[in-house]
Amino acid sequence: MKYVWILGVSLLLLGCDSKPQAPFGFEWGQSLEKTKSQNLKGLEVKGDYDYITFVYADSAPEESQFKGRYFLILRPDFGLTSISFSKGVDPTSMLFDEGKKVYDSISAKLEQKYGKPSSINEHMDRDGTEFYDCLRSEECGKWERYFVKDGMSITLKMSPISGDLIPDIPKAYVKVEYEYFTEEMKQKDIKQQIKKHEKNNF
């Protein structure tokens, strides 16, 4: 009877610490050491290990059907809290053509996994060959969808490029951003950063 009670408590504690499944074969909370051991192509690590670490890569443990770039954010005591994937689109066209196909394909997969978007913000004052130019100004237009599931927030968006729109380079990026950094974790992080600041306040 005692064994059954201990087992029940153990399972309850495990359930409380459970995290949702992260995309692309990553795990929420994974360490920088584990990330480095995943043999990611084109791996770059930047930032301050004591505050926030940025990881860039050209591959993931389980890659997307589209070729693109991965961007991770890791925080002390929390590990991996943010994952982004971006793909450049329409290098040879000013029309929202390849971009729409990739965006719609990813959106359908997100809906299948996380349900309907919690909100949609897709509007452009100018369309056709002016879509990507309009995208570069928030006052002109946005193309985004938001999902929420099990403490995760997911944003799918068309992200504009910097600089001029010229032939043979992407006109924008289809970007999907995942974050698992709950309000409780944020408050704990703020308190930890205040303590660090106080320790170094000479």
Side-chain angles (χ1 to χ4, degrees), residues 14-15 17-49 51-91 98-122 142-161 169-186 189:
L14 284 172
D17 193 42
S18 63
K19 297 181 177 70
Q21 182 181 0
F24 311 122
F26 294 111
E27 293 178 8
W28 295 122
Q30 72 178 49
S31 66
L32 180 59
E33 289 70 26
K34 177 167 183 178
T35 304
K36 287 180 176 179
S37 73
Q38 292 176 311
N39 299 317
L40 307 178
K41 297 176 184 176
L43 181 69
E44 296 179 58
V45 179
K46 298 180 180 179
D48 182 347
Y49 294 175
Y51 176 59
I52 191 166
T53 305
F54 305 105
V55 176
Y56 304 82
D58 295 322
S59 69
E62 297 174 8
E63 294 188 47
S64 161
Q65 71 180 92
F66 303 109
K67 186 176 181 181
R69 185 84 164 151
Y70 299 85
F71 172 63
L72 316 178
I73 294 178
L74 296 91
R75 302 173 188 272
D77 303 316
F78 299 105
L80 180 61
T81 60
S82 180
I83 304 167
S84 299
F85 169 80
S86 60
K87 172 180 171 50
V89 290
D90 289 310
E98 180 193 11
K100 188 175 189 314
K101 290 176 183 176
V102 174
Y103 182 94
D104 288 349
S105 175
I106 294 176
S107 180
K109 289 176 173 59
L110 291 175
E111 283 196 32
Q112 184 178 12
K113 192 169 185 179
Y114 304 113
K116 294 289 184 182
S118 59
S119 64
I120 298 176
N121 186 3
E122 297 173 355
K142 271 194 171 188
W143 212 258
E144 301 180 350
R145 294 187 171 202
Y146 308 93
F147 301 79
V148 178
K149 179 76 171 180
D150 298 332
M152 280 191 300
S153 59
I154 304 116
T155 303
L156 172 64
K157 63 182 179 180
M158 294 302 303
S159 182
I161 65 164
I169 67 165
K171 302 305 180 294
Y173 291 89
V174 178
K175 193 171 190 178
V176 57
E177 301 170 336
Y178 302 79
E179 184 178 72
Y180 182 68
F181 195 46
T182 65
E183 192 59 37
E184 183 181 353
M185 294 163 69
K186 290 176 184 176
D189 185 56

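One-based numbering along the sequence shown. Keep in mind it's a predicted model, so treat the numbers as computed, not measured.
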Please determine, by modelled atom types, if S105 and K101 share a side-chain donor-acceptor pair under 3.5 angstrom.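 Result is no, nothing qualifies.
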
Side-chain donor/acceptor of [X] to backbone N/O of [Y], under 3.5 Å:
{"X": "S37", "Y": "K34", "value": "yes"}
{"X": "T155", "Y": "E177", "value": "no"}
{"X": "S59", "Y": "K41", "value": "yes"}

Look up atom [atom1] in [X] and atom [atom2] in [Y], then write down how far apart they are to the nearest 0.5 Å.
{"X": "F71", "Y": "R69", "atom1": "CZ", "atom2": "CZ", "answer": "10.0 Å"}
{"X": "T81", "Y": "Y178", "atom1": "OG1", "atom2": "OH", "answer": "15.5 Å"}
{"X": "S119", "Y": "F147", "atom1": "OG", "atom2": "CZ", "answer": "9.5 Å"}
{"X": "E111", "Y": "L156", "atom1": "CD", "atom2": "CG", "answer": "10.0 Å"}
{"X": "I52", "Y": "D189", "atom1": "CD1", "atom2": "CG", "answer": "8.0 Å"}

Quick one, [X] and [Y] - any side-chain contact, counting heavy atoms below 4.5 Å?
{"X": "P76", "Y": "T53", "answer": "no"}
{"X": "Q38", "Y": "L43", "answer": "no"}
{"X": "K36", "Y": "V45", "answer": "yes"}
{"X": "D58", "Y": "Y70", "answer": "no"}
{"X": "K109", "Y": "Q65", "answer": "yes"}
{"X": "Y146", "Y": "S153", "answer": "no"}
{"X": "Q30", "Y": "T35", "answer": "yes"}

Going by an N to O cut-off under 4.0 Å, is there a salt bridge joining E98 and K171?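 Answer for the salt bridge query: no.
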
Test E27 against K19 for salt bridge (Lys or Arg N to Asp or Glu O under 4.0 Å), laying out the working first. CA-CA 9 Å; E27 293 178 8; K19 297 181 177 70; over 6 Å; no

Looking only at heavy atoms, which two atoms of G88 and P170 are closest? And how far apart?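 What the structure gives for the nearest pair is CA-CB, 3.7 Å.
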
Which of parallel (below 30°), tilted (30 to 60°) and perpendicular (above 60°) describes Y180 and W28?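 Plane angle between 30° and 60°, so tilted.
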
Does atom CD (Q112) have a neighbourhood of more than 12 heavy atoms from anything else shown, all under 6.0 Å?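 Counting neighbours around CD of Q112, 12 or fewer heavy atoms of other residues, nucleotides or ligands fall under 6.0 Å, so no.
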
Test salt bridge (Lys or Arg N to Asp or Glu O under 4.0 Å) applied to E122 and R145, K142, K157, K100, the passing residue: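 Only one of R145, K142, K157, K100 forms a salt bridge (Lys or Arg N to Asp or Glu O under 4.0 Å) with E122, namely R145.
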
